[in-house]
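Reading through the structure tokens given below for one structure.
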Amino acid sequence: MDWADELATRVRDSGPQVVNDSKTPSGTVHVGSLRGPVILDAIARALRANGVQTTLLYGVDDLDPMDAQALLTPDAVGHEMGRPLAHVPDQAGDCHASYARHHAQRFIDIFAGLGIHPDRYYWMSEIYPTGAMDPYIRLALDRAAVVRDIYRRVANVQHPDTWHPLGAICPNCGKVGTTIVTEWNGHQVHVECRERLVEWARGCGFDGWITPFGGAAKLPWNLEWAAQWSLFGVTIEPGGKDLSTAGGSRDRSDAIAREVFEREPPLNVPYEFLNIGGRKMSTSNGRGAAAHTMAEVIPPEQLRFLFLRPKPNHAIDFDPDGTDQIPRLFDEFDKFAAATAGREVKGDLPPGHEATFRYSLLDPAADVASEAGAFRPAFSHLALLAQVPGVDIGQRAEAEKGEPLTSREQALLEERTAAARGWLDAYAPERARVAVHEEAVPPEAADLDVAQRRFLAELSVRAGADAPASGDDWQTLIFEVARGVDLPPRRAFEAIYRAFLGRANGPRAGWLLASLEPAFAVRRSWEASGWTTAGSPGPIPVGG
RNA sequence: GGGCCGGUAGCUCAGCGGCAGAGCAGGGGACUUUUAAUCCCUGUGUCGUGGGUUCGAAUCCCACCCGGCUCACCA
């Protein structure tokens with residue numbers, strides 16, 4: 001991801017930078033909408049790494065009108081639709097001051113979990129009453145004709161000549177989505193709260209003059225955006241493709257910044273979205289897409305990595321459902337970590353891979369070398385171990401590493417194990433699942449050759465006699481018996497996997513068998529061997 | 001209709017003027033404690049199509065085809 005560092009180099013000599021983004025807290029968030037904030041954070045980190053004094057701002061546009069009734073209780077729809085989000089009561093009733101606070105807080109909590117810590121959150125519902133927006137409101141009203149011209153020219157939207165760029169909050173019903181300003185006399189605006197201005201909310205019919213300052217009115221979206229740039233001195237602001245399209249919101253706000261507020265707009269970093277399975281992300285496209293599920297399965301650093309690895313203007317096609325994309329994401333992350341730690345890695349690495357790793361870390365101040373060098377067991381291996389009862393994953397990881405895990409590595413292991421379990425629950429393809437076929441000998445056992453069947457028969461007899469109790473006991477026995485019948489260990493293990501799991505490979509066989517009912521282990525070995533008490537190998541009684 | 005992104009090996013993608021690449025999957029082999037481990041070997045693909053520029057094009061230019069997203073009301 002050299003793009004962030006390139007950007008930083010580009011603005012290095014332009015003085016302090018203010019990076020900004022803002023969001024309307026209209027409701028729930030899906031994973032894809034986190035790409036913007038992650039990019040925002042990476043830009044801020046890259047600027048700081050390049051010695052640029054940087055302020056990271058995040059705004060909550062909570063004076064925007066409530067326009068989604070899905071999250072309102074039915075009796076609240078009529079009264080609340082069209083009112084500023086900050087004035088709508090919290091529907092969840094969990095002690096937030098408003099609907100906007102509730103949703104914004106949930107969003108902010110996600111930020112923190114992803115290592116995103118803006119220097120300041122600002123709330124438009126708090127900014128307007130201070131009068132800070134008044135100069136911009138005045139400018140917008142004075143230059144209403146210019147604004148109308150911009151809409152016509154840039155966005156091909158023709159407003160009536162009486163239209164003024166201001167959203168007054170109706171002094172009678174408190175709604176902002178239903179009002180229209182038709183006149184401005186330099187002190188006051190003429191407001192009409194129309195019953196049917198929009199389909200989604202009802203106006204009260206108010207008609208009169210109000211003073212539009214100090215929180216009595218808000219600027220419409222495109223003007224508010226441009227005014228924020230002026231108010232906060234924003235120099236960089238990434239924008240999703242929904243805004244950054246030609247003739248779209250960003251173009252309009254850019255023109256407004258230049259022609260109405262007379263300020264050069266900030267540098268845009270347009271970014272693409274995250275698609276699920278080549279389709280637009282939504283909670284309805286399958287079990288795979290739900291945001292909370294995704295967050296359970298992908299730890300924060302891998303989620304950051306997912307967003308930061310591709311260039312911002314490349315769409316991310318993520319399809320975790322029934323695929324190995326999540327294990328691959330971990331493998332790729334581990335590869336970047338290994339490379340950053342200076343270890344030899346297979347295959348190619350994109351330019352700037354060290355930066356990608358660094359900016360994927362949760363803690364901006366983390367010791368990159370130590371993080372990169374930390375032991376991380378392979379995700380797919382964990383997913384396998386997680387399916388075997390009685391396995392001590394911590395012990396296994398330690399054995400693999402060859403020395404005790406540090407406390408950090410212990411934490412990584414736990415996080416990753418939880419992710420693996422979540423993946424198995426929600427997304428994993430059938431071939432990644434391991435299940436003991438309890439009912440009958442799996443069909444895959446039919447492929448066993450005579451030597452393997454002999455091994456299973458012998459194993460059954462010996463296990464019946466020795467009663468191995470632990471995984472180690474079983475493991476030793478397996479090797480012993482294999483040696484006894486002159487079968488290479490690899491083929492011996494394959495025989496066990498086919499007989500019990502119906503597949504050619506699996507988790508450590510000794511521990512697998514130790515986790516089963518001893519009588520069952522003995523019986524199944526015998527059944528799958530096709531041996532009879534008479535001692536001759538007959539056909540294997542294969543079941544479903 | 002406008003905009004953006006993509007179309008390179010079975011899959012995921014890198015390469016973006018100089019001999020078509022990697023990972024994974026697949027195939028073959030080695031390994032007597034190996035556990036989807038490790039190691040070695042294995043890639044003949046109209047680089048979406050058609051033109052053009054160039055000594056040389058997957059790469060630059062033009063046109064087109066296909067796929068996806070997005071904007072065309074508000075935010």
Side-chain angles (χ1 to χ4, degrees), chain A residues 22-26 32 61 63-68 82 85 151 154-157 159 167 176-177 197-201 218-225 239-253 270-281 309-319 323-325 327-329 331-332 335 345-351 353 378-385 388 391 396 399-400 431-432 434 471-472 475-480 482-483 486-494 496-497 501 503-512:
Chain A
S22 66
K23 173 150 180 67
T24 304
S26 50
D61 299 328
L63 231 41
D64 290 352
M66 177 78 195
D67 65 354
L85 291 162
Y151 271 80
V154 180
N156 202 27
V157 173
H159 285 298
V176 68
L197 183 70
V198 291
E199 282 177 18
W200 41 272
K218 77 179 287 290
L219 289 167
W221 160 247
N222 286 283
L223 288 103
E224 186 169 284
W225 200 6
K241 68 141 51 178
D242 54 336
L243 308 174
S244 301
T245 192
S249 232
R250 181 63 186 234
D251 277 358
R252 260 171 281 171
S253 290
Y271 61 87
E272 275 274 353
F273 291 157
L274 174 100
N275 298 320
I276 297 291
R279 302 252 146 224
K280 177 190 170 149
M281 169 127 206
R309 186 182 41 166
K311 295 188 185 88
N313 63 344
H314 278 51
I316 300 174
D317 194 1
F318 195 60
D319 188 10
T323 73
D324 58 356
Q325 281 205 33
R328 271 188 195 164
L329 178 67
D331 290 349
E332 192 80 350
K335 180 170 148 184
V345 297
K346 284 186 189 173
D348 299 330
L349 287 160
H353 61 270
F379 182 88
S380 49
H381 190 38
L382 280 181
L384 192 68
L385 291 177
V388 186
V391 167
R396 292 291 313 131
E400 199 180 316
R431 70 189 130 82
V434 170
D472 269 319
Q475 195 77 346
T476 307
L477 182 63
I478 291 165
F479 279 104
E480 245 179 68
R483 225 178 352 255
D486 205 23
L487 186 69
R490 187 185 190 79
R491 310 238 336 272
F493 283 110
E494 187 199 335
I496 293 171
Y497 296 136
L501 305 176
R503 41 187 284 159
N505 52 39
R508 308 187 84 202
W511 283 261
L512 175 68

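Remember, predicted model here, so these are calculated numbers, not experimental data. Labels below follow one simple rule: chain letters A, B, ... track the order of the sequence lines, proteins then strands, and each chain is numbered from 1. Reckoned from all heavy atoms, side chains included, excluding hydrogens, waters and symmetry mates.
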The contact string for nucleotides 22-27 of chain B, one letter per nucleotide 5' to 3', using protein heavy atoms under 4.0 Å with B, S and - for base, sugar-phosphate only and none, comes out as SSS---

Below 4.5 Å, heavy atoms only, C-beta onward: do A/Arg309 and A/Leu329 meet side chain to side chain?
-> yes

Between N or O atoms, less than 3.5 Å apart, protein on one side and nucleotides 60-65 of chain B on the other: list the pairs.
none

Which nucleotide in B/C74, B/C71, B/C5 has an atom nearest any side-chain atom of A/His159 = B/C74

Between A/His314 and A/Ala246, just flag the one whose closest nucleotide in RNA chain B comes earlier from the 5' side.
-> A/Ala246

What nucleic acid atoms does A/Pro270 come within less than 4.0 Å of, heavy atoms only: base, sugar-phosphate, or nothing?
-> nothing

Donor on one side chain, acceptor on other, A/Ser249 and A/Trp221, under 3.5 Å = yes

Taking for each residue the nucleotide of RNA chain B bearing the nearest heavy atom, is the 5' side occupied by A/Pro65 or by A/Thr245?
-> A/Thr245

If B/U53 has a Watson-Crick or G-U wobble mate with both distances under 3.5 Å, name it; if not, just say none.
-> none

Heavy-atom side-chain proximity of A/Tyr151 to A/Asn156 below 4.5 angstrom | no

From the options B/G3, B/A75, B/C73, select the nucleotide whose nearest atom is closest to the side chain of A/Asn222.
-> B/A75

What does A/Thr24 touch in the nucleic acid at a heavy-atom separation under 4.0 angstrom: a base, only the sugar-phosphate, or nothing?
-> sugar-phosphate

A/Asn313 CG - B/G3 C1' separation (whole Å) | 13 Å

Nucleotide opposite B/G1 in a Watson-Crick or G-U pair, distances under 3.5 Å | B/C71

Any strand: nucleotide that pairs with B/A22 via Watson-Crick or wobble, under 3.5 Å = B/U12

Give one of base, sugar-phosphate or nothing for A/Phe273, where a contact means two heavy atoms less than 4.0 Å apart.
-> sugar-phosphate

Can a salt bridge be assigned to the pair A/Lys218 and A/Asp64 using a cut-off of 4.0 Å between side-chain N and carboxylate O?
-> yes

Name the nucleic acid region contacted by A/Asn156, choosing base, sugar-phosphate or nothing; use a 4.0 angstrom heavy-atom cut-off, strictly under.
-> nothing

Where do A/Phe379 and A/Asp331 come nearest, in terms of heavy atoms and distance?
-> N-OD1, 4.4 Å

base_contact_polar (B/G3 base, A/Ser244 side chain, donor-acceptor, <3.5 Å) | no

